[in-house]
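Taking it in order: structure first as structure tokens, then the write-up.
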Amino acid sequence: MKGNIPAKTLSVLLIMTVFTFSLAGEEQNRSVLFISSYHPSFSTFIHQVEGIRDTFKPQDIEFDVEFMDTKRFPGEENRQMFRQYLSFKLANSNTYDLVITGDDNALTFALQEQEGLFKGMPIIFFGVNDIETALSMNDLPGVTGVIEKVSMRDTIGLMINQNPELRNITAIVDGTPSGKGDLKTFWSEKEHFPGYNFLNLDLRKLSWDELADGLVQLNRRSAILLLSAYFDRESESKSFNQSLKLIYASSEVPIYHLWYHGLGDGILGGRLISHYDQAETAAGMALEIFRGGSIDSMKVIETSPNRYFFDYNELERFGISMDNLPEGSEVINSPGTFAKDHIVKIIIYSSVFILLLITLLVLLLNYIKRRKAEVFLRHLRQAAEQIIDTIELYDRKRRLIYANPAFLSMHGCTLTDILGRRPEEIFRSTTAENLRKTEELWKDVEKGTPWRGQFTNNKKDGAPLVQDISISPFYDEKNQISGFVSIKKDISEMVGLMEERRSILEHLLQAQKLESIGQLAGGIAHDFNNILSGIMSSSQLLLNPERSLDEKSRKYARMIYESCGDGAELVSRLINFSQSNRSSIRRVDMQTLVEEVVEILRITIKKNIDFHFENESAPCFINCESSSLQNALLNLGINAGQAVEPGGTVAFIMNERSLNRDYCYRSLYSVYPGRYCSIKVTDTGQGIPDDIREKIFDPFFTTKETGDAIGLGLTSVKRIVEEHRGCIELTSSPEGTTFELLIPLDLESLNI
């Protein structure tokens, strides 16, 4: 018996240091992939890696480690994500010469991928508890290994020998594959121990709290054999240390185990499996294959070199003498004294320990950073999976390495169908414009310049597909282009909407012109009517019988009178044309009307201008002629857009405002006190000069070049506002201009 804590601690720290840093120094002749079923902090992992490393290092063989993490995440989704990650890695790195798997889940995964990811690679397993599955590998080409055969019978016999009052042997197990395999072995041993009760607390049927309650009930005639405890009935998971802590706190009986981990944390002992020996044996089989041996001639190794280990503190707790331990047993936590000649070793070990502790701290920080990066990458992947825009990733040779579900759905294909293909093999566009753009974009992107533009293709159902596309390079740690990312947005509906709204705006502008002409015609008609009235009156006087005109003069006077009648009829038609159509007045939601105006302007104004709408009050409904008000707001919006430089802002702000008597008295408009709907059109232009502010509402006044405008826009706006019994205000400065339209909410509520 011997205590070996310092040496074991030093060994564990050393192997963690070596493992975390790069395992590959120079270029290697052989490379091995080790797949662990669990995670880096799992208690058995360090011993497994130590066994592989110590075997491979003298032969200068490189090996990488990947973690499936199935103890904490046993579901199929985790397995699929692990496969996708491994597939990406294998597709972008050198092929491994051999695969080693640790524990049952890793072997199951490797067998599923024997003709897929690991095609042509020998597979060697260790740490497998399912004896039947492990032995069946003798009949499967390309697979062999070493069975992790627990010393169940020896450990149960040990429990009986060390506890004379023992009658009840209680196994704790869960639903993990290794746990179910060990439980099967446990029950098979019952016939070898007649007179003893074999019981089990099964976490497949118990919650953690119910397990604790069951442990409390155990008496001094009982002992615990811990097989597996990671998940309860509700699939709530605990780490090995967490579950052992619960078991230890809830029971007053000895706890035995079949594996080394847990010793020193509550496990009394047992004939335990050496994970180092398991891994060392598997690595030795790999070396034999590298030396020319045939894997198909290597039978699965059925013997497992297990050893007796005990915790001195637990032996003392239950009154078990160390003199009664099996020969060759190792005891941890055993008290003892070091001779003076061990002082040098203590100093050396302490110095190394401190150095390794510092190294561990650095590694821990790196691990935390890695975990954060993994979380970030997981969130990034989830975002890519959920986004409605299509995302494609290509390597530096333009071969597709990823496409998100939106892309696959749009093009009616699977990732397997297009993986590894080049863009020209996926998108078979034949239009000259698309071919020109394709050549242009790759010239830019391969030089490191992002490209953005539009492509027109067809969807899988033949419908037109217009996409806004951006393609950018991404870089490796050497700042070299390692691939390209393409993001595409389907703007087919937006393009169609723009065309539709552009047509609507053209009709509105035409209606505005007609309205302006009508206003002009009305003004001319009124003036012309006054002139005709004078001429008709004079011609009537001439035709009076009392006037002694000759027949020829009377004929001319009658012609004048009749011509004036024709002119009066024409004037009447012009007046009717200029009258507003009041029959279309209805109750209108002003928020909806203004939002439509803003959307039309946003789409049709070509400059890069931010048109937006703000509602600072509750919904506003007024009785109005909606088309004329919409026309007025479009007029103001177009003028504002022309006054603003690219990158400027035009805001439509709606609010409710009350006008008092003082305001109405000072106003030049016929407005009355009451509640009004206020709509401000504000731009960030250079403002309106003071010398022309009083002229902007005059007919035919314009600051544009001759032929660009007729100067009736603001005149029309003013007339529309006045027809709705409202008013318009103007404020302007070098920072911008604001037109505020005030329309009564309800004419009946005005204090007229």
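Residues: numbered from 1 along the sequence shown.
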Could you pull out the closest heavy-atom pair between [X] and [Y], with the gap in Å?
{"X": "Pro141", "Y": "Asp139", "value": "CD-O, 3.7 Å"}
{"X": "Ser222", "Y": "Pro254", "value": "O-CD, 4.0 Å"}
{"X": "Leu268", "Y": "Ile320", "value": "CD1-CD1, 3.8 Å"}
{"X": "Ile289", "Y": "Pro122", "value": "CD1-CB, 4.3 Å"}
{"X": "Ala286", "Y": "Phe56", "value": "CB-CZ, 4.0 Å"}
{"X": "Ser237", "Y": "Phe231", "value": "CB-CE2, 3.3 Å"}

Quick one: does [X]'s side chain get under 4.5 Å of [Y]'s, heavy atoms only?
{"X": "Trp187", "Y": "Asn200", "value": "yes"}
{"X": "Leu258", "Y": "Thr155", "value": "yes"}
{"X": "Phe125", "Y": "Leu111", "value": "no"}
{"X": "Ile247", "Y": "Ile224", "value": "yes"}
{"X": "Val150", "Y": "Asp182", "value": "yes"}
{"X": "Val143", "Y": "Ile295", "value": "no"}
{"X": "Gln48", "Y": "Asp103", "value": "yes"}
{"X": "Asp97", "Y": "Met121", "value": "no"}

Can the ring centres of [X] and [Y] be said to be less than 6.0 Å apart?
{"X": "Phe198", "Y": "Phe186", "answer": "yes"}
{"X": "Tyr260", "Y": "His275", "answer": "no"}
{"X": "Phe88", "Y": "Tyr402", "answer": "no"}

I'd like to know if the side chain of [X] reaches the main chain of [Y], judged simply by a donor and an acceptor atom lying under 3.5 Å from each other, with no hydrogens or angles considered.
{"X": "Thr108", "Y": "Asp104", "value": "yes"}
{"X": "Ser329", "Y": "Leu325", "value": "no"}
{"X": "Ser297", "Y": "Gly293", "value": "no"}
{"X": "Asp174", "Y": "Thr176", "value": "yes"}
{"X": "Ser87", "Y": "Arg83", "value": "no"}
{"X": "Ser251", "Y": "Leu215", "value": "no"}
{"X": "Gln278", "Y": "Gly127", "value": "yes"}

Do you see a donor-acceptor pair shorter than 3.5 Å between the side chains of [X] and [Y]?
{"X": "Ser207", "Y": "Asp209", "result": "no"}
{"X": "Asp265", "Y": "Tyr248", "result": "no"}
{"X": "Ser151", "Y": "Asn306", "result": "yes"}
{"X": "Glu234", "Y": "Trp208", "result": "no"}
{"X": "Ser37", "Y": "Asn105", "result": "no"}
{"X": "Gln386", "Y": "Asn404", "result": "no"}
{"X": "Glu327", "Y": "Tyr308", "result": "no"}
{"X": "Tyr96", "Y": "Asp64", "result": "yes"}

[X] [atom1]: over 12 foreign heavy atoms closer than 6.0 Å:
{"X": "Lys149", "atom1": "NZ", "result": "no"}
{"X": "Lys89", "atom1": "NZ", "result": "yes"}
{"X": "Arg370", "atom1": "CZ", "result": "no"}

If the threshold is 4.0 Å, N to carboxylate O, is there a salt bridge linking [X] and [Y]?
{"X": "Lys57", "Y": "Glu62", "value": "no"}
{"X": "Glu113", "Y": "Lys119", "value": "no"}
{"X": "Arg220", "Y": "Glu252", "value": "no"}
{"X": "Glu210", "Y": "Lys205", "value": "no"}
{"X": "Arg378", "Y": "Glu374", "value": "no"}
{"X": "Arg221", "Y": "Glu165", "value": "no"}

(request) For Glu314 and Arg317, run salt bridge (Lys or Arg N to Asp or Glu O under 4.0 Å): C-alpha distance rounded to whole Å, both residues' side-chain angles, the deciding distance at 0.1 Å, then the answer. (result) CA-CA 5 Å; Glu314 292 300 306; Arg317 180 186 177 199; 3.3 Å; yes
As an exercise, state the distance from [atom1] of [X] to [atom2] of [Y], rounded to the nearest 0.5 Å.
{"X": "Lys238", "Y": "Lys245", "atom1": "NZ", "atom2": "NZ", "result": "10.0 Å"}
{"X": "Glu66", "Y": "Leu33", "atom1": "CD", "atom2": "CG", "result": "6.0 Å"}
{"X": "Gln382", "Y": "Leu377", "atom1": "CD", "atom2": "CG", "result": "11.0 Å"}
{"X": "Leu408", "Y": "Thr416", "atom1": "CG", "atom2": "OG1", "result": "9.5 Å"}
{"X": "Ile100", "Y": "Ile124", "atom1": "CD1", "atom2": "CD1", "result": "5.5 Å"}

(request) Check the angle between the aromatic planes of His257 and His261 and answer parallel, tilted or perpendicular using the 30° and 60° thresholds. (result) perpendicular
(request) Could you please spell out the steps behind the side-chain hydrogen bond (donor to acceptor under 3.5 Å, both in side chains) verdict for Arg79 and Gln112? (result) CA-CA 11 Å; Arg79 195 195 73 81; Gln112 292 171 345; 3.1 Å; yes
(request) Show your reasoning for whether side-chain hydrogen bond (donor to acceptor under 3.5 Å, both in side chains) applies to Gln162 and Tyr256. (result) CA-CA 11 Å; Gln162 291 184 340; Tyr256 290 82; 2.7 Å; yes
(request) Could you check Phe82, Phe45, Phe73, Tyr38 and say which one makes a ring pair (Phe, Tyr, Trp, His ring centres under 6.0 Å) with Phe67? (result) Phe45
(message) For Glu330 and Arg307: C-alpha separation, side-chain torsions, deciding distance, then whether salt bridge (Lys or Arg N to Asp or Glu O under 4.0 Å) applies.
(response) CA-CA 8 Å; Glu330 295 187 29; Arg307 290 181 284 168; 3.1 Å; yes
(request) Could you give me the CA-CA distance, side-chain angles and deciding distance for Asn168 and Tyr196, then say whether side-chain hydrogen bond (donor to acceptor under 3.5 Å, both in side chains) is met? (result) CA-CA 6 Å; Asn168 302 316; Tyr196 292 91; over 6 Å; no
(message) Please determine whether side-chain hydrogen bond (donor to acceptor under 3.5 Å, both in side chains) holds for the pair Gln80 and Glu76, giving the CA-CA distance in whole Å, both sets of side-chain angles, and the decisive distance to 0.1 Å.
(response) CA-CA 6 Å; Gln80 290 291 343; Glu76 177 63 18; 2.9 Å; yes
(request) Would you please test Glu288 and Arg291 for salt bridge (Lys or Arg N to Asp or Glu O under 4.0 Å) and show each step? (result) CA-CA 5 Å; Glu288 187 176 343; Arg291 295 187 186 108; over 6 Å; no
